[in-house]
Amino acid sequence: MPELPEVETIARGLANAIVGKTVASVEIRLPKMAVAPPGVDFARELPGERVVGVGRRGKYVITRLSSGRSLVTSLRMTGRLVVQRPGEGEYKGTHVVFHYTDGTRLSFADLRTFGRTRLVEPDEPWDGSLGIEPLSSGFTPEGFIGMLSGRTTPIKVFLLDQQRIAGIGNIYACEALWDAGIKPGKPAKALSKPAVRRLHRAIVDVLQRAIGMRGTSVDDYVDAEGLRGGFQNVLAVYGKHGQPCPRCGTSIVRTVIAQRGTWWCRSCQR
DNA sequence: CTGAGATCCTGGGGGC
DNA sequence: TGCCCCCAGGATCTCA
């Protein structure tokens with residue numbers, strides 16, 4: 001499931017691969033996957049648009065177009081954005097295909113069809129409810145302490161709330177909490193200031209390390225070139241039910257918090 | 001404001 | 001071997 005590091009890796013790959021290309025046509029096989037403002041025909045409006053940049057906000061890939069419009073793509077759990085050359089085979093569950101004038105294509109595939117790509121007008125404030133970027137300079141330890149104060153919600157639920165911090169999903173929430181030695185179910189307001197500082201550092205550190213390894217492929221995540229990431233090889237707790245904690249050797253447990261699988265060490269996460 | 005629960009999907013795992 | 005059941009999981013919506 002693509003989270004911030006995976007989406008960052010995809011966006012960087014796309015920036016290398018499709019900036020400067022011009023859309024020739026768009027094939028929409030599953031209409032719900034391609035969303036446009038009322039009265040705008042997605043497939044009809046895009047031909048002729050040139051890709052001028054690709055970036056990321058939270059878990060969204062943002063493709064900026066020459067008209068000033070953007071394509072905002074959410075991959076959810078099983079979405080893939082892969083650049084393909086003429087003749088390359090299709091991914092299963094390919095629902096939207098952007099064909100460029102040079103013959104290459106960008107395939108948006110998603111087995112579970114939860115993903116969406118949305119055409120956004122130049123001034124449309126699409127990300128108003130998204131929280132702070134955890135790798136931005138605005139995300140500070142002191143600011144994080146303020147965000148958590150008074151909140152009774154479990155710290156893990158807080159980390160997953162995209163309206164607070166944008167981009168953290170289940171994998172990196174589990175890994176950061178393990179790194180900081182914090183119990184996932186602990187109420188946010190009950191964390192000591194040193195614990196919040198450790199968690200702040202752990203979040204930034206785990207996200208940066210994961211970007212360095214081009215993301216985590218536990219399921220079917222691949223980057224814009226169709227390649228798997230490497231961070232699944234260094235995970236400490238995520239999906240490690242019954243295996244020894246890398247820090248203390250205690251068996252990792254799996255519990256459920258807010259309907260989500262949660263892996264952690266009962267011994268060194270307090 | 002806050003939180004709980006439903007919803008959307010399909011592949012894969014468990015049970016038998 | 002095969003069939004059925006159930007479940008993961010991010011974002012969004014409704015409801016309390």
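Below, chains carry the letters A, B, ... as their sequence lines are ordered, and counting in each starts from 1. Quick caveat: nothing in here was measured; it's all calculated off a predicted structure.
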_On DNA chain B, does the nearest nucleotide to Arg116(A) precede the nearest nucleotide to Thr153(A) from the 5' side, or the other way round? Give the residue._
Thr153(A)
With a 4.5 Å limit on heavy-atom distance, are the side chains of [X] and [Y] in contact?
{"X": "Glu27(A)", "Y": "Phe98(A)", "answer": "no"}
{"X": "Tyr100(A)", "Y": "Thr22(A)", "answer": "no"}
{"X": "Pro246(A)", "Y": "Trp178(A)", "answer": "yes"}

*To 10°, what angle do the rotation axes through the five end pairs on each side of the helix from dT2(B)-dA16(C) to dC16(B)-dG2(C) form?*
50°
_No-hydrogen, no-angle side-chain donor-acceptor test under 3.5 Å, Ser67(A) and Glu49(A)_ = yes
*asked:* If only side-chain N and O atoms count, and only distance matters, is there a donor-acceptor pair under 3.5 Å linking Lys156(A) with Thr262(A)?
replied: yes
*Can a side chain N or O of Arg164(A) be found less than 4.0 Å away from OP1 or OP2 on dC1(B)?*
no
*asked:* Is there a side-chain contact between Thr78(A) and the phosphate of dG10(C), meaning an N or O under 4.0 Å from OP1 or OP2?
replied: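 Answer is no, no contact under 4.0 Å.
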Please state how far atom [atom1] in [X] lies from atom [atom2] in [N], giving the value in whole angstrom units.
{"X": "Tyr172(A)", "N": "dG10(C)", "atom1": "OH", "atom2": "C1'", "value": "15 Å"}
{"X": "Asp110(A)", "N": "dG9(C)", "atom1": "CG", "atom2": "P", "value": "15 Å"}
{"X": "Phe158(A)", "N": "dG3(B)", "atom1": "CZ", "atom2": "C1'", "value": "15 Å"}
{"X": "Met77(A)", "N": "dT10(B)", "atom1": "CE", "atom2": "C1'", "value": "10 Å"}
{"X": "Glu6(A)", "N": "dG9(C)", "atom1": "CD", "atom2": "C1'", "value": "14 Å"}
{"X": "Asp161(A)", "N": "dT2(B)", "atom1": "CG", "atom2": "P", "value": "9 Å"}
{"X": "Gln259(A)", "N": "dT7(B)", "atom1": "CD", "atom2": "P", "value": "13 Å"}
{"X": "Arg80(A)", "N": "dG10(C)", "atom1": "CZ", "atom2": "P", "value": "17 Å"}

Can you give me every donor-acceptor pair (side chain of residues 142-149 of chain A, partner residue at least two apart or in another chain, under 3.5 Å) with its distance?
| residue | atom | partner | partner atom | Å |
| --- | --- | --- | --- | --- |
| Glu142(A) | OE2 | Arg197(A) | NH2 | 2.6 |
| Ser149(A) | OG | Gly146(A) | O | 3.1 |

*Neighbour count >12 (heavy atoms, 6.0 Å) for atom NZ, Lys32(A)*: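 Yes, NZ of Lys32(A) has more than 12 neighbouring heavy atoms, counting only those of other groups under 6.0 Å.
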*Around Arg201(A), counting heavy atoms of other residues, nucleotides and ligands shown, do more than 12 lie under 6.0 Å from its CZ?*
no
*asked:* So if I define the base as every atom that isn't primed, P, OP1 or OP2, how would nucleotides 11-16 of chain C read as a B/S/- string at a heavy-atom cutoff under 4.0 Å?
replied: BS----
Sequence neighbours excluded and cut-off under 3.5 Å, please list the side-chain donor-acceptor pairs for residues 229-239 of chain A, or say none.
| residue | atom | partner | partner atom | Å |
| --- | --- | --- | --- | --- |
| Gln232(A) | OE1 | Ser217(A) | N | 2.9 |
| Gln232(A) | NE2 | Gly229(A) | O | 2.9 |
| Asn233(A) | ND2 | Gly230(A) | O | 3.3 |

Touch check for [X], heavy atoms < 4.0 angstrom, all strands: base, sugar-phosphate only, or nothing?
{"X": "Asn170(A)", "answer": "sugar-phosphate"}
{"X": "Gly93(A)", "answer": "nothing"}
{"X": "Tyr238(A)", "answer": "sugar-phosphate"}
{"X": "Arg118(A)", "answer": "nothing"}

*Consider the side chain of Arg151(A), meaning its heavy atoms from C-beta on, and name the nucleotide among dG5(B), dT2(B), dA8(C) that approaches it most closely.*
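When the side chain of Arg151(A) is considered, dT2(B) is the closest of dG5(B), dT2(B), dA8(C).
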*Which residues satisfy the salt bridge (Lys or Arg N to Asp or Glu O under 4.0 Å) test with Lys183(A), sequence neighbours excluded?*
none
*asked:* Give me the atom names and distance for the closest heavy-atom approach of Leu135(A) to Gln208(A).
replied: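 Where Leu135(A) meets Gln208(A) most closely, the heavy atoms are CD2-CG, 3.9 Å.
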*Go through the steps for Glu6(A) and Tyr172(A) under the test side chain to side chain donor-acceptor pair (under 3.5 Å), then give the verdict.*
CA-CA 11 Å; Glu6(A) 291 75 36; Tyr172(A) 299 107; 2.5 Å; yes
Distances under 3.5 Å only, N/O to N/O: pair up the protein atoms with those of nucleotides 11-14 of chain B.
| residue | atom | partner | partner atom | Å |
| --- | --- | --- | --- | --- |
| dG11(B) | OP1 | Lys92(A) | NZ | 3.1 |

